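Both ligands and their constituent atoms are indexed starting at 1 by order of listing. Quick note: residue numbers are just sequence positions, from 1. Only a predicted model underlies this, so the values are computations on that prediction, with no experimental measurement involved.
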Amino acid sequence: MPKPHQVQVVKDKETQLREQRDAESKRKAYREVKEETRKKHKSVTFEASPTPEEPVSDKISLPRKRYYRQRAHSNPFSDHRLEYPRSPDDMNWEKLFPKFYDEESNSMTSSVEIADIGCGYGGLLTKLAPEFPEKLILGMEIRVQVTQYVEDRIIALRNKHENDEVNFQNISVLRGNAMKFLPNFFRKGQLSKMFFCFPDPHFKQRKHKARIITNTLLSEYAYVLREGGVVYTITDVEDLHKWMVKHLEEHPLFERLDEEWEKQDKCANIMYNSTEEGQKVTRNKGSKWIACYRRLPTPEDCV
Ligand SMILES: C[S@@+](CC[C@H](N)C(=O)[O-])C[C@H]1O[C@@H](n2cnc3c(N)ncnc32)[C@H](O)[C@@H]1O
């Protein structure tokens, strides 16, 4: 027979389990509704007109992060069964930026120029949107549920601001592994800005190869970045900052921009304060290190 205090412990565990199950089914139900909305929104936006019986709700609320929980890290070397185009020409950008698609000419009126690599929950995208209304800005994120959160956030913002000057039609998000498939999405010299905000630090030495800035990857970034384009980096991990600076310094196609430049550049300022990770660092009174590099012209004999 369990003693009275043991019964209490058992009951507590049962309660805990029940609460966990309740929370999980609540999360599941919430995500199912959002999934439906995403599908409906996409099919409405990309494939058909809304039927009178099924009008598109203009009351899509902003998503709640707690329903999109996922492990903190994703292994960039795993096979994530990601979808990616065979080449940039095979990419259907109109699905992501429908308002920048011209039906008459059957082509996009603009192409993605700014990329937020490992965009997390999309804070930077939403802050850049009003600053560059004519430019297309893409977040690339490897984690499924985090990407879905950003998708839902953008759907909600577009709906809420449908008739406003800033209508968030110029930002979008894509699930992808930036360490593997960037040249499948972007043509040579397509991008003018690439952001690497608070990338995963991969502290252990044997994990350093998983860092998003390496010599090989910098050559890919230099390929998709136009001459004069800028790589922005920010981190709260000093060791990672030094690593990124070292690799960028060693690369012949990048040149560091000085502090004066950082101070007057609006994107450097936005990046400092707008990402979710950056805000967390501010709340915890941590330090932030920035390094920005300009893409140099490719030497004649390498063109
Ligand atoms: C620490 S978070 C920072 C998120 C965001 N940039 C911010 O500042 O709030 C790093 C993000 O990069 C994503 N990530 C890591 N490796 C990636 C890769 N190879 N391709 C795309 N995203 C990646 C992670 O899933 C994670 O959301």
Side-chain angles (χ1 to χ4, degrees), residues 63 65 68-85 96 112 114-129 137-154 171-186 191 193-204 207-221 224 231-241 243-244 247 267-284 286-292:
K65 242 189 248 167
Y68 299 79
R69 284 215 197 106
Q70 202 175 349
R71 285 174 53 173
H73 299 293
S74 186
N75 180 354
F77 301 123
S78 302
D79 172 12
H80 292 277
R81 294 170 189 268
L82 293 165
E83 285 182 21
Y84 57 92
L96 299 183
V112 173
I114 301 175
D116 181 9
I117 304 298
C119 67
Y121 291 95
L124 181 68
L125 296 173
T126 62
K127 291 291 183 300
L128 290 177
I137 308 167
L138 182 79
M140 192 173 269
E141 172 53 53
I142 202 167
R143 287 183 293 168
V144 185
Q145 283 176 29
V146 177
T147 312
Q148 287 176 349
Y149 172 87
V150 183
E151 275 187 290
D152 292 344
R153 188 176 182 180
I154 294 173
I171 56 171
S172 195
V173 66
L174 191 80
R175 180 165 182 243
N177 183 349
M179 291 167 72
K180 283 191 176 173
F181 305 118
L182 275 192
N184 293 73
F185 290 97
F186 305 120
L191 302 179
K193 297 178 198 299
M194 291 181 84
F195 290 89
F196 296 87
C197 302
F198 302 93
D200 293 336
H202 298 289
F203 287 108
K204 291 182 189 145
K207 297 261 176 165
H208 284 178
K209 58 181 184 299
R211 287 181 168 173
I212 206 149
I213 300 275
T214 63
N215 286 344
T216 320
L217 287 170
L218 279 174
S219 293
E220 273 194 24
Y221 305 152
V224 295
V231 160
Y232 292 81
T233 72
I234 183 167
T235 176
D236 58 327
V237 178
E238 190 175 11
D239 172 60
L240 177 63
H241 170 67
W243 165 283
M244 294 195 286
H247 285 82
C267 289
N269 282 304
I270 293 172
M271 165 175 87
Y272 198 82
N273 292 309
S274 69
T275 80
E276 282 71 10
E277 210 53 41
Q279 286 166 0
K280 211 191 292 173
V281 177
T282 306
R283 280 198 299 278
N284 296 336
S287 307
K288 296 179 196 176
W289 284 274
I290 284 187
C292 303

Salt-bridge present (Asp200, Lys207; N to O < 4.0 Å): no
Polar atom proximity, Gly118 to ligand 1 (N or O, under 3.5 Å): yes
The one among Ile234, Thr235, Leu125, Asp200 that brings a heavy atom closest to atom 10 (C) of ligand 1: Asp200
Heavy-atom proximity to atom 7 (C) of ligand 1, best of Thr275, Ile212, Val146: Thr275
Rounded distance [0.5 Å steps], CD1 in Ile171 versus CG in Leu96: 12.0 Å
Ligand 1 N/O within reach of Ile117 N/O, cut-off under 3.5 Å: no
Interfacing atoms of ligand 1 (cut-off 4.0 Å, heavy-atom, Asn177): 18 (C), 19 (N), 20 (N)
Atom indices of ligand 1 within 4.0 angstrom of Ala178 heavy atoms, with elements: 18 (C), 19 (N), 20 (N), 21 (C)
N/O separation below 3.5 Å, Glu141 to ligand 1: yes
Distance-only donor-acceptor check, side chains Lys288 and Thr282, under 3.5 Å: yes
Residue Gly176 vicinity, atoms of ligand 1 by number, heavy atom under 4.0 Å: 20 (N), 21 (C)
Test item, Gly123 contacting ligand 1 (heavy atom, 4.0 angstrom): no
Which atom of Gly139 lies closest to which atom of Leu125, heavy atoms considered: N-CD2, 3.7 Å
Spacing of CD belonging to Gln279 relative to OH belonging to Tyr272, to within rounding of 0.5 Å: 13.0 Å
Interatomic distance, Phe186 atom CZ to Phe181 atom CZ [nearest 0.5 angstrom]: 13.5 Å
Any N or O of Cys197 closer than 3.5 Å to N or O of ligand 1: yes
Heavy-atom pair with the smallest gap, counting every atom of Ile114 and Leu191: N-CD2, 4.3 Å
Ligand 1 to Gly278 polar contact by distance, N or O atoms, under 3.5 Å: no
Charged N-O contact under 4.0 Å between Glu141 and Arg153: no
Interatomic spacing from CG in Asp116 to CD1 in Ile137 - rounded to 0.5 Å: 9.5 Å
Winner among Arg143, Glu277, His202, Lys280 once heavy atoms are compared against atom 9 (O) of ligand 1: Glu277
Polar contact flag for Asp116 and ligand 1 (N/O pairs, less than 3.5 Å): no
